[in-house]
Amino acid sequence: VNEGCINWSANNHHHTVIENIVKEKLITLRKALESECLQMPLLHNKDLPKAVIGGGGILKDVILENEYNEIMIKRDQNSDDEIYQQIINHAKTFDGVYRFTTIRKSGDTIVGFEDVPLAVKSLDYLKKLAADWNYDRRSIYPLKSFGQNKTQTGLEMKITFRRRKYKNFGFIKFETEEDAYEAMMNMNGILFLENGTDIRPTYDRKGDKKTFYFRLNLMVPSDITSFIQSALNKNNIKYFEVFVLMESPYDSTKEEMNS
């Protein structure tokens, strides 16, 4: 195999025969791959809830708390192995089966299904079959989490938002000192914003003649930069950039989440 390709050569006389054999084997492997499923837990350190993902990355189902898509078939010590094997063979014919796992020590079998409805339907059928063959129905049961005392109607999630507040000052930068001087004359020391507030720019304290410094109120709106840019454009003031610094990020409080 070289970079995902299988290189082979043959006599022209046998070429078609070998090609058909290779294709037949690849088709069988492709069908097996398409029927495979991947189970992925959705929460850390918990088996449930989990997602069942099929071939091509298609989401088959999401298994929630107290739901199941796997069935345990344990050996009944009071029943013949032949009946146990017949139950296993029946389970293999069900729709949506994607895996059979035999536990080495006990010989018990776990049957995995693509989604919950198929597993529920198959469990009901297997229990009826066990009753007809005098096989202990308690030996066939769903594998699910019993951590919850009541049925869950959805996936419980906790979402944490990272917030960053604006600092109470900002800057207006200009391309040239002449643009900055003209802007200062135009504003006459004050710039009125559309939200009813104003800023009072001054030259930057570090002596940069192309930068204005301004202070803001304690409650800085999230769109303060847009307000300042709009006011500058309305007054035909040429500028290069408006920016307001932000505080370090922090987790949202309960009060902020509720609001």
Side-chain angles (χ1 to χ4, degrees), residues 38-54 56-65 67 145 147-148 150 152-259:
L38 172 68
Q39 297 192 119
M40 296 184 62
L42 299 178
L43 297 177
H44 293 297
N45 302 322
K46 292 189 68 176
D47 294 331
L48 292 176
K50 63 183 177 181
V52 181
I53 303 173
I58 298 174
L59 178 64
K60 295 290 186 178
D61 201 357
V62 174
I63 317 301
L64 304 178
E65 294 280 0
E67 291 185 337
S145 172
Q148 302 289 340
K150 59 181 181 179
Q152 300 296 298
T153 57
L155 176 62
E156 182 178 347
M157 301 178 68
K158 179 183 178 181
I159 302 176
T160 301
F161 293 94
R162 299 284 286 174
R163 293 175 180 263
R164 297 188 70 182
K165 290 183 177 180
Y166 281 114
K167 292 188 176 181
N168 62 343
F169 64 90
F171 301 90
I172 304 174
K173 297 186 74 69
F174 300 88
E175 290 187 348
T176 65
E177 292 184 7
E178 289 75 15
D179 289 343
Y181 178 79
E182 185 178 344
M184 185 61 75
M185 294 298 100
N186 191 323
M187 287 186 285
N188 196 23
I190 187 169
L191 183 66
F192 294 99
L193 308 182
E194 293 178 354
N195 64 348
T197 62
D198 61 73
I199 60 173
R200 300 172 184 268
T202 60
Y203 279 107
D204 184 47
R205 297 172 182 174
K206 296 181 180 179
D208 184 357
K209 298 297 183 180
K210 295 189 293 184
T211 303
F212 289 172
Y213 166 87
F214 58 86
R215 294 194 63 83
L216 296 165
N217 296 325
L218 293 178
M219 297 297 294
V220 182
S222 60
D223 49 357
I224 183 62
T225 303
S226 298
F227 282 130
I228 296 173
Q229 290 173 338
S230 178
L232 291 170
N233 293 330
K234 187 176 180 180
N235 287 275
N236 297 317
I237 297 175
K238 292 190 300 181
Y239 64 94
F240 176 71
E241 184 182 11
V242 177
F243 62 94
V244 179
L245 300 179
M246 303 187 79
E247 302 282 359
S248 300
Y250 68 96
D251 291 339
S252 304
T253 63
K254 286 186 177 181
E255 292 75 16
E256 288 172 329
M257 292 285 287
N258 292 333
S259 63

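Being a predicted model, the structure only gives us computed values, none of them experimental.
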ask   = Does the side chain to side chain contact (heavy atoms under 4.5 Å, CB included) test come out yes or no for Leu216 and Thr197, once each step is laid out?
value = CA-CA 9 Å; Leu216 296 165; Thr197 62; over 6 Å; no
request  = Heavy atoms only: give me the nearest Met187-Leu191 pair and the separation to one decimal.
outcome  = SD-CB, 3.8 Å
query = What's the shortest heavy-atom distance between Asn168 and Val220, and which atoms?
reply = CA-CG2, 4.5 Å
inquiry  = Among residues at least two apart in sequence or on other chains, which ones pass side chain to side chain contact (heavy atoms under 4.5 Å, CB included) with Asp198?
reply    = Ile190, Phe192, Arg200
inquiry  = Before you tell me yes or no, could you show the steps for Phe240 and Lys210 under side chain to side chain contact (heavy atoms under 4.5 Å, CB included), namely the whole-Å CA-CA distance, both residues' side-chain angles and the distance that decides it to 0.1 Å?
reply    = CA-CA 10 Å; Phe240 176 71; Lys210 295 189 293 184; over 6 Å; no
request  = Just do the side chain to side chain contact (heavy atoms under 4.5 Å, CB included) check on Ile199 and Ile172 with the steps written out, would you?
outcome  = CA-CA 11 Å; Ile199 60 173; Ile172 304 174; 4.3 Å; yes
ask   = Looking at Phe212 versus Tyr203, is the centre-to-centre ring distance below 6.0 Å?
value = yes
task = Identify, with sequence neighbours excluded, every residue that meets side chain to side chain donor-acceptor pair (under 3.5 Å) alongside Asp179.
result = Thr176
query = Between Asp208 and Asp204, is there a donor-acceptor pair closer than 3.5 Å when you use the side chain of the first and the backbone of the second?
reply = no
task = Assess whether atom OH of Tyr181 is packed by more than 12 heavy atoms of other residues, nucleotides or ligands within 6.0 Å.
result = no
key: Heavy-atom pair with the smallest gap, counting every atom of Phe171 and Tyr213   = CE2-CD1, 3.7 Å
task = Could you tell me whether the side chain of Tyr239 reaches within less than 4.5 Å of the side chain of Gln229, counting heavy atoms only?
result = yes
request  = Please check if the side chain of Asn195 supplies one atom and the backbone of Phe227 the other of a donor-acceptor pair under 3.5 Å.
outcome  = no
inquiry  = Could you tell me if Asp223 and Ser226 have a donor-acceptor pair between their side chains, going purely by distance under 3.5 Å?
reply    = no
Trace of the side chain to side chain contact (heavy atoms under 4.5 Å, CB included) decision for Val242 with Leu232 = CA-CA 10 Å; Val242 177; Leu232 291 170; 3.7 Å; yes
inquiry  = Give me the atom names and distance for the closest heavy-atom approach of Thr202 to Met184.
reply    = CA-CE, 4.1 Å
request  = Determine the minimum heavy-atom distance between Ala180 and Phe174, stating which atoms define it.
outcome  = CB-CD1, 3.7 Å
key: Pairwise distance NZ(Lys238) to CD(Glu178) - rounded to 0.5 angstrom   = 9.5 Å
ask   = Taking Asp61 for the side chain and Ile63 for the main chain, is one N or O donor matched with an acceptor at less than 3.5 Å?
value = no
message = Please give me the minimum heavy-atom distance between Met40 and Ile53, naming the atom from each residue.
response = SD-CD1, 3.6 Å
query = How long is the span from the CD atom in Glu177 to the CD atom in Glu182, to the nearest 0.5 Å?
reply = 14.0 Å
